[in-house]
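Worth knowing before you read on, the calculation uses all heavy atoms, side chains too, and leaves out hydrogens, waters and symmetry mates.
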Amino acid sequence: MREPSAPSSDTPTSAKGKEKVNWLHEVRGLALMLLGVLAFHSFVAKPFYIPSISMMPGLLVGDRLVVSKYAYGWNWSSISFHALPRSDWRILGSTPEYGDIVIVVPGNRKEDLIKRVVARPGDRIAVIDGRIRLNGRFIPREVVPATQLNADPALQCDGQEVGHCYDGFEAFRTRLPSGREVYEMPTYRETLPNGASYNVIDYMNQRLDNYPETLVPEGHVFLMGDDRDRSSDSRAPFDDWAGVPGGGLNGPVPLSDIGGRAEFITFSLDGTQTWNPLTWWSALRPGRALTSLRPALDASKAAQ
(Lines give C-alpha, C1' and ligand atoms only; values in the text may rest on other atoms or scores of the structure.)
Protein backbone atom coordinates (compact mmCIF):
# COMPACT_ATOMS: atom_id res chain seq x y z
CA MET A 1 0.00 0.00 0.00
CA ARG A 2 1.51 3.34 -1.04
CA GLU A 3 1.78 6.21 1.42
CA PRO A 4 0.26 9.54 0.40
CA SER A 5 2.82 11.90 -1.07
CA ALA A 6 3.70 15.22 0.58
CA PRO A 7 2.08 18.35 -0.81
CA SER A 8 4.03 19.85 -3.72
CA SER A 9 5.66 23.24 -3.27
CA ASP A 10 4.35 24.08 -6.74
CA THR A 11 0.74 24.36 -5.58
CA PRO A 12 -0.95 27.08 -7.69
CA THR A 13 -1.38 30.45 -6.00
CA SER A 14 -5.15 30.18 -6.43
CA ALA A 15 -5.12 27.18 -4.19
CA LYS A 16 -3.42 29.11 -1.42
CA GLY A 17 -6.07 31.79 -1.40
CA LYS A 18 -5.86 35.42 -2.46
CA GLU A 19 -3.35 37.72 -0.78
CA LYS A 20 -4.91 40.44 1.34
CA VAL A 21 -4.82 44.01 -0.01
CA ASN A 22 -2.70 46.32 2.10
CA TRP A 23 -5.17 49.19 2.25
CA LEU A 24 -2.86 51.34 4.34
CA HIS A 25 -0.22 51.08 1.63
CA GLU A 26 -2.76 51.91 -1.10
CA VAL A 27 -4.15 54.94 0.74
CA ARG A 28 -0.65 56.20 1.44
CA GLY A 29 0.25 55.89 -2.25
CA LEU A 30 -2.86 57.83 -3.29
CA ALA A 31 -2.18 60.50 -0.67
CA LEU A 32 1.40 60.98 -1.90
CA MET A 33 0.19 61.24 -5.50
CA LEU A 34 -2.40 63.85 -4.48
CA LEU A 35 0.20 65.83 -2.55
CA GLY A 36 2.47 65.76 -5.60
CA VAL A 37 -0.31 67.12 -7.83
CA LEU A 38 -1.15 69.86 -5.31
CA ALA A 39 2.52 70.81 -4.95
CA PHE A 40 2.91 71.11 -8.74
CA HIS A 41 -0.35 73.10 -8.92
CA SER A 42 0.84 75.43 -6.14
CA PHE A 43 4.50 75.97 -6.99
CA VAL A 44 5.05 75.19 -10.68
CA ALA A 45 2.02 75.64 -12.96
CA LYS A 46 -1.73 75.26 -13.11
CA PRO A 47 -4.42 75.21 -15.81
CA PHE A 48 -6.76 78.18 -16.15
CA TYR A 49 -10.06 78.62 -18.01
CA ILE A 50 -11.31 81.90 -19.50
CA PRO A 51 -14.95 82.35 -18.44
CA SER A 52 -15.61 85.95 -19.56
CA ILE A 53 -14.92 88.49 -22.30
CA SER A 54 -12.81 90.89 -20.20
CA MET A 55 -9.52 89.99 -21.96
CA MET A 56 -10.68 90.00 -25.58
CA PRO A 57 -9.38 90.11 -28.23
CA GLY A 58 -6.30 88.20 -27.08
CA LEU A 59 -8.22 85.76 -24.86
CA LEU A 60 -11.60 84.32 -25.77
CA VAL A 61 -14.22 82.62 -23.65
CA GLY A 62 -13.40 78.92 -23.80
CA ASP A 63 -9.61 79.33 -23.95
CA ARG A 64 -7.62 76.97 -21.70
CA LEU A 65 -4.27 78.30 -20.49
CA VAL A 66 -1.18 77.35 -18.54
CA VAL A 67 -0.24 79.73 -15.71
CA SER A 68 3.28 79.59 -14.27
CA LYS A 69 3.25 79.90 -10.48
CA TYR A 70 6.94 80.73 -10.00
CA ALA A 71 7.23 83.74 -12.33
CA TYR A 72 7.07 86.32 -9.51
CA GLY A 73 7.92 84.08 -6.55
CA TRP A 74 5.34 82.60 -4.21
CA ASN A 75 2.79 83.99 -1.77
CA TRP A 76 -0.44 83.01 -0.05
CA SER A 77 -2.39 83.12 -3.36
CA SER A 78 -0.01 80.60 -4.96
CA ILE A 79 -1.34 77.77 -2.80
CA SER A 80 -3.98 75.55 -4.40
CA PHE A 81 -7.59 76.61 -3.77
CA HIS A 82 -6.25 79.62 -1.82
CA ALA A 83 -6.29 77.48 1.31
CA LEU A 84 -4.07 79.90 3.27
CA PRO A 85 -5.36 83.13 4.83
CA ARG A 86 -4.67 86.34 2.94
CA SER A 87 -1.31 87.81 3.87
CA ASP A 88 1.45 90.06 2.49
CA TRP A 89 4.38 87.61 2.71
CA ARG A 90 6.33 86.71 -0.43
CA ILE A 91 9.15 84.28 -1.16
CA LEU A 92 11.67 85.18 -3.90
CA GLY A 93 9.23 87.88 -4.99
CA SER A 94 9.71 89.96 -8.14
CA THR A 95 7.64 92.56 -9.98
CA PRO A 96 5.68 91.80 -13.17
CA GLU A 97 6.80 93.57 -16.34
CA TYR A 98 4.65 95.96 -18.34
CA GLY A 99 2.22 94.00 -20.49
CA ASP A 100 2.36 90.73 -18.54
CA ILE A 101 -0.96 88.91 -18.21
CA VAL A 102 -1.34 87.88 -14.58
CA ILE A 103 -3.70 85.99 -12.29
CA VAL A 104 -4.92 88.13 -9.39
CA VAL A 105 -7.11 87.47 -6.35
CA PRO A 106 -9.31 90.54 -5.58
CA GLY A 107 -9.04 91.99 -2.09
CA ASN A 108 -12.69 91.28 -1.26
CA ARG A 109 -12.99 87.64 -2.34
CA LYS A 110 -10.95 84.54 -3.14
CA GLU A 111 -11.61 84.30 -6.87
CA ASP A 112 -8.98 84.28 -9.61
CA LEU A 113 -9.24 87.04 -12.21
CA ILE A 114 -6.97 87.53 -15.22
CA LYS A 115 -5.77 91.01 -16.24
CA ARG A 116 -2.85 92.84 -17.86
CA VAL A 117 -0.20 94.89 -16.04
CA VAL A 118 -0.30 98.49 -17.36
CA ALA A 119 1.49 100.32 -14.54
CA ARG A 120 4.25 99.34 -12.09
CA PRO A 121 5.33 100.62 -8.66
CA GLY A 122 6.06 104.36 -8.68
CA ASP A 123 4.10 105.07 -11.89
CA ARG A 124 1.43 107.74 -12.08
CA ILE A 125 -1.49 106.44 -14.14
CA ALA A 126 -4.69 108.03 -15.38
CA VAL A 127 -7.27 107.01 -17.97
CA ILE A 128 -8.68 109.84 -20.09
CA ASP A 129 -11.39 109.16 -22.68
CA GLY A 130 -10.31 105.52 -22.73
CA ARG A 131 -6.60 106.27 -23.24
CA ILE A 132 -3.90 105.42 -20.70
CA ARG A 133 -1.73 108.32 -19.56
CA LEU A 134 1.39 107.07 -17.81
CA ASN A 135 3.69 109.46 -15.93
CA GLY A 136 2.18 112.46 -17.66
CA ARG A 137 2.28 111.08 -21.23
CA PHE A 138 -0.26 109.12 -23.24
CA ILE A 139 1.08 105.71 -24.21
CA PRO A 140 1.17 105.08 -27.98
CA ARG A 141 -2.17 103.82 -29.28
CA GLU A 142 -2.95 103.29 -32.95
CA VAL A 143 -5.99 102.08 -34.86
CA VAL A 144 -5.53 98.62 -36.38
CA PRO A 145 -7.90 96.44 -38.45
CA ALA A 146 -11.04 95.38 -36.61
CA THR A 147 -10.93 92.10 -34.70
CA GLN A 148 -13.26 89.51 -36.21
CA LEU A 149 -14.95 87.41 -33.56
CA ASN A 150 -16.83 84.34 -34.73
CA ALA A 151 -20.48 84.57 -33.73
CA ASP A 152 -20.16 81.18 -31.91
CA PRO A 153 -23.92 80.98 -31.19
CA ALA A 154 -23.56 78.40 -28.38
CA LEU A 155 -21.04 80.44 -26.39
CA GLN A 156 -22.12 81.23 -22.82
CA CYS A 157 -20.16 83.15 -20.17
CA ASP A 158 -19.92 81.90 -16.60
CA GLY A 159 -22.32 83.72 -14.32
CA GLN A 160 -24.49 84.80 -17.25
CA GLU A 161 -27.75 82.94 -16.83
CA VAL A 162 -29.35 83.97 -20.12
CA GLY A 163 -28.08 85.35 -23.36
CA HIS A 164 -24.96 85.06 -25.41
CA CYS A 165 -21.48 86.19 -24.33
CA TYR A 166 -21.53 88.78 -27.11
CA ASP A 167 -24.94 90.29 -26.30
CA GLY A 168 -24.64 94.01 -26.93
CA PHE A 169 -22.35 93.56 -29.93
CA GLU A 170 -25.15 93.48 -32.53
CA ALA A 171 -24.11 96.83 -34.01
CA PHE A 172 -20.83 95.18 -35.03
CA ARG A 173 -22.29 92.00 -36.51
CA THR A 174 -21.62 91.39 -40.19
CA ARG A 175 -21.71 88.58 -42.73
CA LEU A 176 -18.51 87.89 -44.66
CA PRO A 177 -18.54 86.99 -48.37
CA SER A 178 -18.00 83.37 -47.30
CA GLY A 179 -21.29 83.48 -45.41
CA ARG A 180 -19.64 83.33 -41.99
CA GLU A 181 -21.11 85.73 -39.42
CA VAL A 182 -18.67 87.68 -37.25
CA TYR A 183 -18.52 90.67 -34.94
CA GLU A 184 -16.05 93.25 -36.22
CA MET A 185 -14.86 95.00 -33.07
CA PRO A 186 -12.97 98.34 -33.13
CA THR A 187 -9.37 97.50 -32.21
CA TYR A 188 -6.33 99.49 -31.12
CA ARG A 189 -2.66 98.62 -30.63
CA GLU A 190 -1.17 99.89 -27.36
CA THR A 191 2.54 99.99 -26.50
CA LEU A 192 3.87 100.31 -22.95
CA PRO A 193 7.23 101.87 -21.93
CA ASN A 194 9.21 98.61 -22.27
CA GLY A 195 7.92 98.12 -25.83
CA ALA A 196 5.27 95.54 -24.83
CA SER A 197 2.62 95.76 -27.54
CA TYR A 198 -0.86 94.20 -27.59
CA ASN A 199 -4.36 94.75 -29.00
CA VAL A 200 -7.35 96.07 -27.07
CA ILE A 201 -10.97 96.59 -28.08
CA ASP A 202 -12.83 99.78 -27.18
CA TYR A 203 -16.29 100.25 -28.64
CA MET A 204 -18.45 102.43 -26.38
CA ASN A 205 -18.35 105.36 -23.96
CA GLN A 206 -18.73 104.39 -20.31
CA ARG A 207 -17.73 105.80 -16.95
CA LEU A 208 -14.54 103.74 -16.57
CA ASP A 209 -13.15 105.48 -19.67
CA ASN A 210 -11.98 108.14 -17.19
CA TYR A 211 -9.96 107.41 -14.06
CA PRO A 212 -8.21 110.10 -11.98
CA GLU A 213 -4.42 110.11 -11.84
CA THR A 214 -3.21 107.70 -9.18
CA LEU A 215 0.27 106.92 -7.86
CA VAL A 216 0.95 103.18 -7.85
CA PRO A 217 2.46 102.44 -4.41
CA GLU A 218 5.57 100.33 -3.88
CA GLY A 219 4.73 96.65 -3.96
CA HIS A 220 1.63 97.21 -6.16
CA VAL A 221 0.65 97.13 -9.85
CA PHE A 222 -2.26 98.58 -11.82
CA LEU A 223 -4.22 96.06 -13.89
CA MET A 224 -6.68 96.46 -16.76
CA GLY A 225 -8.58 94.12 -19.07
CA ASP A 226 -8.00 94.26 -22.83
CA ASP A 227 -11.76 94.62 -23.38
CA ARG A 228 -11.87 98.14 -22.04
CA ASP A 229 -15.66 98.29 -21.84
CA ARG A 230 -16.44 94.94 -20.16
CA SER A 231 -13.68 94.57 -17.59
CA SER A 232 -13.93 95.00 -13.82
CA ASP A 233 -10.29 95.84 -13.13
CA SER A 234 -8.21 98.37 -11.15
CA ARG A 235 -10.45 101.17 -12.46
CA ALA A 236 -13.53 99.67 -10.79
CA PRO A 237 -14.37 99.62 -7.07
CA PHE A 238 -14.98 96.45 -5.08
CA ASP A 239 -18.75 96.95 -5.11
CA ASP A 240 -20.79 95.69 -8.08
CA TRP A 241 -20.25 97.35 -11.44
CA ALA A 242 -22.22 96.65 -14.63
CA GLY A 243 -23.78 93.57 -13.04
CA VAL A 244 -20.44 91.88 -12.40
CA PRO A 245 -20.61 90.00 -9.06
CA GLY A 246 -17.97 91.24 -6.64
CA GLY A 247 -16.99 94.25 -8.72
CA GLY A 248 -13.45 95.31 -9.62
CA LEU A 249 -9.99 95.47 -8.05
CA ASN A 250 -10.42 98.83 -6.31
CA GLY A 251 -7.24 100.49 -7.57
CA PRO A 252 -3.64 99.22 -7.55
CA VAL A 253 -3.31 95.67 -6.23
CA PRO A 254 -0.58 94.33 -3.93
CA LEU A 255 1.95 91.94 -5.44
CA SER A 256 1.07 89.44 -2.72
CA ASP A 257 -2.31 88.99 -4.47
CA ILE A 258 -0.66 88.11 -7.82
CA GLY A 259 -0.70 84.32 -8.20
CA GLY A 260 1.14 83.76 -11.47
CA ARG A 261 1.69 84.67 -15.12
CA ALA A 262 -0.30 83.39 -18.11
CA GLU A 263 2.12 81.65 -20.49
CA PHE A 264 0.29 80.02 -23.41
CA ILE A 265 -3.04 78.65 -24.63
CA THR A 266 -3.32 74.87 -24.59
CA PHE A 267 -6.60 74.64 -26.54
CA SER A 268 -9.86 76.53 -27.04
CA LEU A 269 -13.51 75.41 -27.31
CA ASP A 270 -16.27 77.39 -29.03
CA GLY A 271 -19.14 76.43 -26.69
CA THR A 272 -20.69 73.61 -28.74
CA GLN A 273 -19.07 70.89 -26.60
CA THR A 274 -21.00 68.84 -24.04
CA TRP A 275 -19.89 66.54 -21.23
CA ASN A 276 -19.35 63.90 -23.92
CA PRO A 277 -15.62 64.04 -24.82
CA LEU A 278 -16.49 62.98 -28.38
CA THR A 279 -17.95 66.47 -28.94
CA TRP A 280 -14.76 68.27 -27.95
CA TRP A 281 -12.94 67.65 -31.22
CA SER A 282 -15.57 69.39 -33.33
CA ALA A 283 -15.70 72.29 -30.81
CA LEU A 284 -11.97 73.05 -31.05
CA ARG A 285 -11.12 76.49 -32.38
CA PRO A 286 -8.35 76.11 -34.99
CA GLY A 287 -5.11 78.01 -34.69
CA ARG A 288 -5.21 78.82 -30.96
CA ALA A 289 -3.36 75.86 -29.42
CA LEU A 290 0.13 76.69 -28.09
CA THR A 291 -0.31 80.43 -28.73
CA SER A 292 2.07 82.38 -26.49
CA LEU A 293 0.52 84.97 -24.16
CA ARG A 294 3.70 86.96 -23.63
CA PRO A 295 3.35 90.39 -25.28
CA ALA A 296 5.40 91.22 -28.37
CA LEU A 297 8.20 93.71 -27.65
CA ASP A 298 8.58 96.63 -30.07
CA ALA A 299 12.00 98.09 -29.25
CA SER A 300 11.44 101.04 -31.58
CA LYS A 301 8.56 102.25 -29.37
CA ALA A 302 10.14 101.55 -25.98
CA ALA A 303 10.51 104.63 -23.81
CA GLN A 304 13.98 106.13 -23.90
Side-chain angles (χ1 to χ4, degrees), residues 38-52 54-55 58-59 65-125 127 132 134 158-159 192 196 208 211 214-228 230-242 244-263 293-295:
L38 292 177
F40 188 88
H41 187 277
S42 297
F43 301 115
V44 182
K46 76 169 186 176
F48 192 84
Y49 162 72
I50 299 300
S52 74
S54 70
M55 284 298 290
L59 289 172
L65 325 176
V66 168
V67 172
S68 62
K69 304 301 286 291
Y70 53 83
Y72 314 118
W74 296 273
N75 56 58
W76 75 273
S77 67
S78 306
I79 305 304
S80 296
F81 310 114
H82 306 316
L84 296 182
R86 190 181 296 269
S87 179
D88 60 0
W89 61 265
R90 301 177 72 208
I91 298 175
L92 299 177
S94 62
T95 302
E97 297 294 335
Y98 290 116
D100 283 358
I101 298 176
V102 301
I103 304 301
V104 58
V105 185
N108 63 335
R109 59 198 189 276
K110 288 189 176 182
E111 172 190 356
D112 285 326
L113 302 183
I114 185 165
K115 305 296 175 187
R116 190 181 297 277
V117 175
V118 296
R120 303 175 81 238
D123 284 337
R124 291 177 291 110
I125 184 171
V127 182
I132 294 174
L134 202 58
D158 284 5
L192 292 170
L208 294 186
Y211 184 86
T214 298
L215 176 66
V216 180
E218 285 301 316
H220 291 66
V221 288
F222 198 92
L223 306 177
M224 291 175 64
D226 292 347
D227 181 346
R228 293 296 160 78
R230 300 278 187 95
S231 176
S232 289
D233 48 40
S234 286
R235 300 170 296 168
F238 281 147
D239 57 335
D240 288 359
W241 170 76
V244 180
L249 296 173
N250 204 43
V253 301
L255 294 176
S256 55
D257 289 349
I258 303 292
R261 180 178 64 201
E263 301 292 352
L293 296 175
R294 304 296 298 277

Which residue pairs satisfy the side chain to side chain donor-acceptor pair (under 3.5 Å) criterion with at least one member in residues 38-51, sequence neighbours excluded?
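Listed once each, the pairs are His41-Ser80, Ser42-Ser80, Lys46-Asp112.
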Can you find a pair of side-chain heavy atoms, one from [X] and one from [Y], that are under 4.5 Å apart?
X	Y	answer
Tyr98	Val221	no
Pro96	Arg120	no
Leu223	Val118	no
Ile114	Ile101	yes
Glu111	Val105	no
Leu255	Tyr72	no
Leu249	Leu113	yes

Decide side chain to side chain contact (heavy atoms under 4.5 Å, CB included) for Glu97 and Val117; before the verdict, give the C-alpha distance in whole Å, the side-chain angles of both, and the deciding distance to 0.1 Å.
CA-CA 7 Å; Glu97 297 294 335; Val117 175; over 6 Å; no
Please list, chain by chain and in numerical order, all residues satisfying side chain to side chain donor-acceptor pair (under 3.5 Å) with [X], sequence neighbours excluded.
X	result
Glu263	Ser68, Arg261
Asp233	Ser231, Arg235
Thr214	none

So does [Y] get a backbone contact from the side chain of [X], meaning a donor-acceptor N/O pair under 3.5 Å?
X	Y	result
His220	Pro252	no
Trp74	Phe43	yes
Trp76	Ser256	yes
Asp123	Leu215	no

Name all residues meeting the salt bridge (Lys or Arg N to Asp or Glu O under 4.0 Å) criterion together with Asp100; count only those two or more places apart in sequence or in a different chain, and write none if there are none.
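Asp100 satisfies salt bridge (Lys or Arg N to Asp or Glu O under 4.0 Å) with no other residue.
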All salt bridge (Lys or Arg N to Asp or Glu O under 4.0 Å) counterparts of Asp257, not counting sequence neighbours
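Expected list: Arg86.
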Is there a donor-acceptor contact under 3.5 Å linking the side chains of Ser234 and Lys115?
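Not at all, the side chains of Ser234 and Lys115 share no donor-acceptor pair under 3.5 Å.
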